[in-house]
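Take a look at the structure set out below.
Residue numbers start at 1 and run along the sequence shown. Keep in mind the model is a prediction, meaning the values are calculated, not measured.
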Amino acid sequence: MNRIKFSSCRPTWAALAAASLLAACGGGGGGGGAGGFGFVPTTLSPGGSGLAEARPGTLQSCSDLASKAAFGNTVYTSVTSVAAGTLVVAGVSTPVPEHCLVQGQMNQRTSSVDGKTYAIGFEMRLPVSWNGRFFYQANGGLDGNVVRATGGIGGGAPTSTALHRGFAVISSDAGHSGAQIPTFGIDPQARLDYGYNAVAQLTPMAKNLIAKAYGRAPDRSYFGGCSNGGRHAMVAAARFANQYDGILAGNPGFNLPKAAVAQLYGVQQYAKVTTANTPAGKPDLQTAFTPAEMTTVANAVLARCDALDGATDGIVADVQSCKQAFDLASAVPTCGATRTGSCLTATQKTVLDNIFSGARNSAGTALYSGFPYDAGIKGADWRQWEFANSQNLDTAAVGFVFSTPPLGTSRPPGIDFALGFNMDTDAPGIFASTALYAESAMSFMTPPNPANLSALRERGSKLIVYHGTSDAVFSSDDTTSWYEQLRAANGGDASGFARFFPVPGMNHCGGGPATDQFDMLAPLVAWVEQGKAPAAVVANARGPGANVVNAEVPADWSPARTRPLCPYPQTAVYMGGSLESAASFACR
């Protein structure tokens with residue numbers, strides 16, 4: 001096989017949703033990476049030498065853009081010049097160039113269903129010194145907030161952004177405000193805006209704004225995000241292939257309604273092994289598996305799978321081989337009457353295997369993908385999704401946005417909703433439609449045909465997908481299965497236009513015991529505009545000295561450890577040399 005060697009009291013629904021929104025949006029902004037990180041390109045992309053490179057330009061207009069860039073059903077509420085400096089994005093201070101900030105909204109309306117006023121809010125940042133490119137920043141969680149438009153480049157803790165590199169960047173709330181989460185799902189049009197229509201509406205508006213600001217349209221257009229933003233990206237690859245030249249999808253929840261149902265299934269499973277109740281008298285999911293117990297499981301995974309790639313380094317690079325090598329029943333000691341943290345009870349093992357095997361109904365029919373056992377399942381982000389977001393954010397999403405008709409209008413919120421959710425009779429609601437809700441959640445939230453990206457391919461556009469293998473909410477196995485289907489639909493090889501990079505140990509969009517800081521945008525641009533397909537991407541750990549330290553980087557790692565991220569089905573294999581350097585590994 002080819003090998004590349006490296007040289008370089010009961011709360012309300014709204015309160016419960018808000019409690020988890022920050023955690024969901026932290027990764028959903030798709031931020032991350034550092035400008036100095038590298039990738040190893042092939043000489044030319046199979047099938048061509050790339051589209052023409054974008055040409056730089058200079059901002060010609062800012063203060064008068066509101067009148068110059070008039071667009072249907074669009075109101076510009078603010079147009080201001082912003083000096084070069086820094087912006088705090090997802091808690092990280094990042095540099096920004098001098099730019100024009102445009103804020104506004106599209107399609108304001110009053111719903112005939114719930115009587116509320118809706119609009120697609122947005123902001124756009126247009127650098128004075130422009131690189132000729134447009135970047136659509138897709139945001140995370142249930143959207144509802146216009147996150148600062150800077151443009152994420154991938155992974156955890158950004159040190160650079162698309163805006164800093166000269167892209168014109170747009171961000172939106174996807175058609176509803178934070179105060180309307182999650183009840184915007186009662187309005188049929190708000191559902192569609194959240195699923196795909198906000199992108200359809202904003203894209204031509206943004207390109208018009210760019211044309212009036214710079215005197216010409218963008219030469220190249222890019223789309224990127226992580227989590228729900230990764231879902232937006234996958235949907236764009238299928239629905240809007242004629243509008244975008246390069247698409248970056250991180251930890252994509254492209255089957256988000258299914259994943260949310262699986263989270264409710266998890267709540268029901270975990271409740272079987274809790275050892276205490278909350279002050280409200282509900283099962284305390286945090287007691288289902290303590291941090292010590294999940295560390296025991298993670299260590300057992302490492303004991304069986306760490307060396308499969310040739311290096312005992314705290315990273316399971318060969319996730320597929322680990323599936324055959326690891327068996328929870330035999331790898332982890334079984335407790336007797338007392339839980340000590342160094343073992344699991346027989347019931348705990350059953351519960352955990354049920355969850356990692358994937359949610360099912362009473363007939364055994366799969367409702368969502370299974371998950372790989374990996375070292376990152378001891379991470380704080382993993383626990384946040386399994387034991388907190390699952391009973392708050394996911395219940396709100398399923399209750400109001402994904403079920404048809406909305407179940408949340410007649411049922412209690414939070415863990416009560418999750419425990420009362422019927423996998424046989426309620427779960428099919430994500431596929432249902434009615435006269436009022438003409439599109440099901442699985443229609444408006446997902447790519448119409450995920451394995452058919454022929455329009456993207458024929459246009460010459462490129463897609464890069466990455467996914468942390470310790471993601472607790474969106475399974476990397478689901479993304480792997482999608483990529484296998486894409487390969488099959490393209491004669492067994494889709495690498496000429498789409499590549500998938502698993503990130504070992506990484507949780508949801510970042511974190512975990514992983515080299516989770518990387519730049520996927522630069523290789524995407526090089527692939528699109530120069531025909532240089534990325535054979536691998538170099539990722540860094542974020543130990544002491546990083547711009548934002550990842551507390552879950554093991555103490556025995558170099559704080560700046562590097563690893564190659566390899567395009568599936570290749571994995572990083574140890575070839576000899578320092579365990580802290582990507583140069584010691586090859587993609588095979």
Salt bridge or not for D426 and R411, using N-O below 4.0 Å?
yes
For residues S342 and T340, is any side-chain donor paired with an opposing acceptor at under 3.5 Å?
yes
Pairing donors with acceptors under 3.5 angstrom, does anything connect the side chains of Q485 and S481?
yes
For the side chain of N507 and the backbone of S470, is there at least one donor-acceptor N/O pair under 3.5 Å apart?
yes
Is the gap between the ring centers of F518 and Y466 under 6.0 Å?
yes
Do we see a donor-acceptor contact under 3.5 Å between the side chains of S111 and D114?
yes
Residue pair T404, T434: steps toward the side chain to side chain contact (heavy atoms under 4.5 Å, CB included) verdict:
CA-CA 7 Å; T404 301; T434 66; 3.8 Å; yes
N228 side chain reached by L142 side chain, heavy atoms, under 4.5 Å:
no
Verify side chain to side chain contact (heavy atoms under 4.5 Å, CB included) between R231 and F474, making sure each step is shown before the conclusion.
CA-CA 10 Å; R231 179 199 66 83; F474 301 142; over 6 Å; no
Pairwise side-chain contact, H467 with Y483, heavy-atom cut-off 4.5 Å (strictly under)
no
Side-chain donor-acceptor pair under 3.5 Å between D424 and S362, yes or no?
yes
Is it true that the side chains of S171 and N139 contain a donor and an acceptor less than 3.5 Å apart?
yes
Examine R191 relative to F444 and say whether NZ or CZ is less than 6.0 Å from the centre of the six-membered ring and inside a 45° cone about the ring axis.
no
Between K258 and D478, does at least one N-O distance fall below 4.0 Å, as a salt bridge requires?
no
Relative to each other, are the rings of F387 and W382 parallel, tilted or perpendicular (30° and 60° limits)?
perpendicular
Will you find, in the side chains of D143 and H232, an N or O donor that is under 3.5 Å from an N or O acceptor?
yes
Is there a side-chain contact between R563 and P504 (heavy atoms, below 4.5 Å)?
no
Looking at K349, K378, R339, which one forms a salt bridge (Lys or Arg N to Asp or Glu O under 4.0 Å) with E293?
R339
Can a donor-acceptor pair be found between the side chains of D493 and S495 at a distance below 3.5 Å?
yes
L367 and R360 have their tightest heavy-atom pair at CD1-C, 3.8 Å
Could you point out which residue of C322, S476, P502, C305 forms a side-chain contact (heavy atoms from CB on, under 4.5 Å) with P372?
S476
Note, D471 side chain near F371 side chain (heavy atom, < 4.5 Å)
no
For residues F356 and Y373, establish whether the separation of their ring centroids is below 6.0 Å.
yes
Could you tell me whether R383 sits above the aromatic face of Y270, with NZ or CZ closer than 6.0 angstrom to the six-membered ring centre and within 45 degrees of the axis?
no
Note, L453 side chain near R457 side chain (heavy atom, < 4.5 Å):
no
